[in-house]
Amino acid sequence: MRRAPVDLPAPHGDNNIEREPLWYAYATGDDEPPVPPWTWTTEPPMTAHVHPPAPDVLRRGTHAPLPFGTAELLEAVAFPQGRVTTPQRPFCDEGFDRVGHAVVAALGAQWVDPDNAYNPHRGYASPRCLYPVQAFLERGGRRHLVSPETHSLVEIEAKDDGGGGARARAGVERIILTGRYTRIPRGYKWFRGSLVNLEVGFVLRSLAVAFDLFGIEGRVRLPEAGSAALLAGLGLAPEGEWSLPLVIDIGRDVPSEAGPAPVVRNAPGAPAPRQASPPDDPSLADLVRLNRTQLFPGAPTPLVTGIAAAARPPAEATSWAEVMWQRNSGRMPRGLLGMNGRLRRMPADWLRDAIDWLSVPPPGAVPRAVFDAVRVTAVLQAVDGFEDGVHRVRDGRAELHRADATAALRLEREYGYPLGPEAGCDIRHASGLWFLTARPRQVVDEFGPAGWSALQYACGWAMHGLSLSAAASGMFARPVRAFNEIPVQRLLDLEEDEMITLAAVVGTPRHASGALLDIRL
């Protein structure tokens with residue numbers, strides 16, 4: 001018999017911004033975590049946010065263009081099984097920069113929507129198009145910031161980092177990902193750390209897809225003991241605004257482990273050093289302190305493909321360029337916020353394909369193991385062969401948990417951005433509402449503090465796969481964390497200690513795309 005809900009952690013608030021630090025404290029062993037003193041501090045309105053200035057090390061850097069013609073290359077490649085071959089003619093390149101084209105495919109700007117308040121849009125989802133995860137490309141002994149908005153690489157001035165191996169080395173090619181928390185409005189407080197981790201998962205999946213399309217091999221090094229030195233080597237001051245970096249070594253001749261990397265369970269984190277965070281931003285100081293404890297031991301692991309092995313071509317043949325162009329989180333006309341959809345009957349193949357894309361395991365021994373502990377719940381409606389209601393995904397199949405024709409409507413009532421004069425909200429018309437959940441204390445008990453980050457990497461990775469599947473079917477996929485957690489936990493029959501790590505609204509758009517400005521190069 002199901003136990004009465006106990007609302008873990010204590011319900012001082014029912015939104016993710018307030019509950020996230022309490023979930024982390026509960027995960028690390030505190031049965032009654034106190035509310036952090038900065039929870040109720042007043043912050044500037046979200047609309048007042050502006051990006052922080054670029055670090056000095058970037059302001060003086062020279063710009064070099066990324067390769068042109070990536071969109072044209074991808075237009076010639078069928079989705080999902082096609083791959084790019086060396087073209088017969090260069091696209092304004094001297095030679096064929098396979099890595100450069102892959103970087104553009106994964107991270108490049110796609111379109112500007114004149115009706116949207118947040119622009120430009122890339123090929124993966126990001127809250128408010130803020131893109132807090134910054135990518136750096138190291139090649140030829142030099143380091144560069146990848147600047148998708150200017151389609152260029154910004155060279156970073158040489159810096160004596162004293163990092164013992166953190167310096168750029170000739171002959172080494174790698175991509176470095178690190179999140180800048182201050183690109184996200186202060187009103188998100190401690191939750192900025194989770195948004196960055198989730199976006200790392202999105203970016204990692206996007207790069208894995210692009211590497212596969214362009215025939216590039218790589219190995220992933222998750223944040224480790226020497227990662228702070230790499231931050232110093234990049235000159236990203238103040239260091240207390242940035243997350244520990246994740247590195248993708250490019251090519252076959254990178255250090256590899258002898259056999260599969262072991263999964264180190266319950267690995268202790270390193271002592272958290274003092275970080276230079278803004279003195280008036282205590283939630284930032286706290287999340288950075290904890291980020292420095294979430295380290296992953298072990299050797300690099302292969303960057304596995306991000307493309308579902310069993311992916312089926314859509315009913316209407318399309319290209320990789322078109323799928324990346326169509327990927328979106330829901331559109332509204334005339335500058336309105338949110339998303340509107342219309343319910344349409346979907347074939348069973350759509351659901352099977354979505355599950356295949358969602359189920360591709362992430363790279364890294366710990367994220368892959370943590371992903372096995374993630375429970376996938378889908379609220380489905382109007383899908384051929386499936387009864388409307390709550391389904392659990394097990395072994396690649398959706399199994400009915402509870403028939404409920406009103407589940408989507410009731411979920412809309414628990415969404416934090418309701419229908420209004422300024423915003424659309426058609427959750428009740430979604431074909432699928434997907435929830436990735438886990439028991440955070442179990443994860444941290446088994447994998448140590450890094451299990452928290454690994455869980456978010458894995459869920460971001462999975463949701464980007466779902467978004468590609470949706471785009472191929474003419475649908476939007478909107479990753480969200482805005483549901484009121486306690487009533488949704490009960491509606492989905494989750495366990496009392498089960499946290500919603502990430503959700504997505506997947507449906508058919510009601511509004512046409514409008515006059516999108518194509519800014520692909």
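These numbers were taken from a predicted model, which means no experiment stands behind them.
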Return the set of residues passing salt bridge (Lys or Arg N to Asp or Glu O under 4.0 Å) with [X] (not counting sequence neighbours), or none when no residue passes.
| X | value |
| --- | --- |
| Arg98 | none |
| Glu199 | none |
| Arg128 | none |

Does [X] have any ring-ring contact (aromatic ring centres under 6.0 Å, His included) partners at least two apart in sequence or in another chain, and if so, which?
| X | result |
| --- | --- |
| Phe435 | Phe483 |
| Trp452 | Tyr24 |
| Phe476 | none |
| His151 | Phe68 |

Checklist line | Pairing residues for Ile519 by the side-chain contact (heavy atoms from CB on, under 4.5 Å) criterion, not counting sequence neighbours | finding: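 side-chain contact (heavy atoms from CB on, under 4.5 Å) check on Ile519 returns Ala109, Val112, Pro120.
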Check: Would Arg122 count as a cation-pi partner of Tyr131, with NZ or CZ less than 6.0 Å from the six-membered ring centre and within 45° of the ring normal?
Finding: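 Yes, cation above the ring, under 6.0 Å and within 45°.
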Next item on the list: Please determine if Arg327 forms a cation-pi arrangement with Trp357, meaning its NZ or CZ atom is less than 6.0 Å from the six-membered ring centre and no more than 45° off the ring axis.
Entry: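 No, Arg327 does not sit over the ring of Trp357.
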Note to self: Any side-chain to backbone donor/acceptor pair from Ser319 onto Ala76? Under 3.5 Å, distance only.
What the structure shows: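 Judged by distance alone, no pair lies under 3.5 Å.
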Notebook entry, point to check: Donor-acceptor pair, Asn119 side chain versus Asp113 backbone, under 3.5 Å?
Noted result: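 Pair found, side chain donor or acceptor close to backbone of Asp113.
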Check: Does anything in residues 359-368 pair up under side chain to side chain donor-acceptor pair (under 3.5 Å), and if so which pairs, sequence neighbours excluded?
Finding: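 Side chain to side chain donor-acceptor pair (under 3.5 Å) check on residues 359-368 returns no pairs.
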Notebook entry, point to check: Parallel, tilted or perpendicular: which describes the rings of His49 and His51, with under 30° parallel and over 60° perpendicular?
Noted result: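 Perpendicular, since the angle between the ring planes exceeds 60°.
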Item checked: From CA spacing to verdict: side chain to side chain contact (heavy atoms under 4.5 Å, CB included), Leu73, Leu213 -> CA-CA 10 Å; Leu73 288 169; Leu213 289 174; over 6 Å; no
Checklist line | Non-hydrogen atoms of Ala458 and Phe371 that approach each other most closely | finding: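 For Ala458 versus Phe371, the nearest heavy atoms are CB-CD1, 3.9 Å.
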Margin query: How close do Tyr181 and Arg192 get, counting heavy atoms only, and between which atoms?
Written below: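 Closest approach of Tyr181 to Arg192, heavy atoms only: O-CD, 3.6 Å.
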Can you confirm whether [X] sits close enough to [Y] that some side-chain heavy atom of one is under 4.5 Å from a side-chain heavy atom of the other?
| X | Y | value |
| --- | --- | --- |
| Ser206 | His464 | yes |
| Ile184 | Val196 | yes |
| Arg312 | Asp356 | yes |

Of all pairs that satisfy salt bridge (charged side-chain N to carboxylate O under 4.0 Å, His left out), the ones with a partner from [range], not counting sequence neighbours:
| range | value |
| --- | --- |
| residues 175-184 | Arg180-Glu241 |
| residues 313-325 | none |
| residues 205-214 | Arg83-Asp212 |

Item checked: Carboxylate-amine/guanidinium contact Arg221 Asp249, below 4.0 Å ->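 Salt bridge: yes.
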Next item on the list: Carefully, step by step, assess Phe202 and Ser467 under the rule side chain to side chain contact (heavy atoms under 4.5 Å, CB included).
Entry: CA-CA 10 Å; Phe202 281 107; Ser467 73; 5.5 Å; no
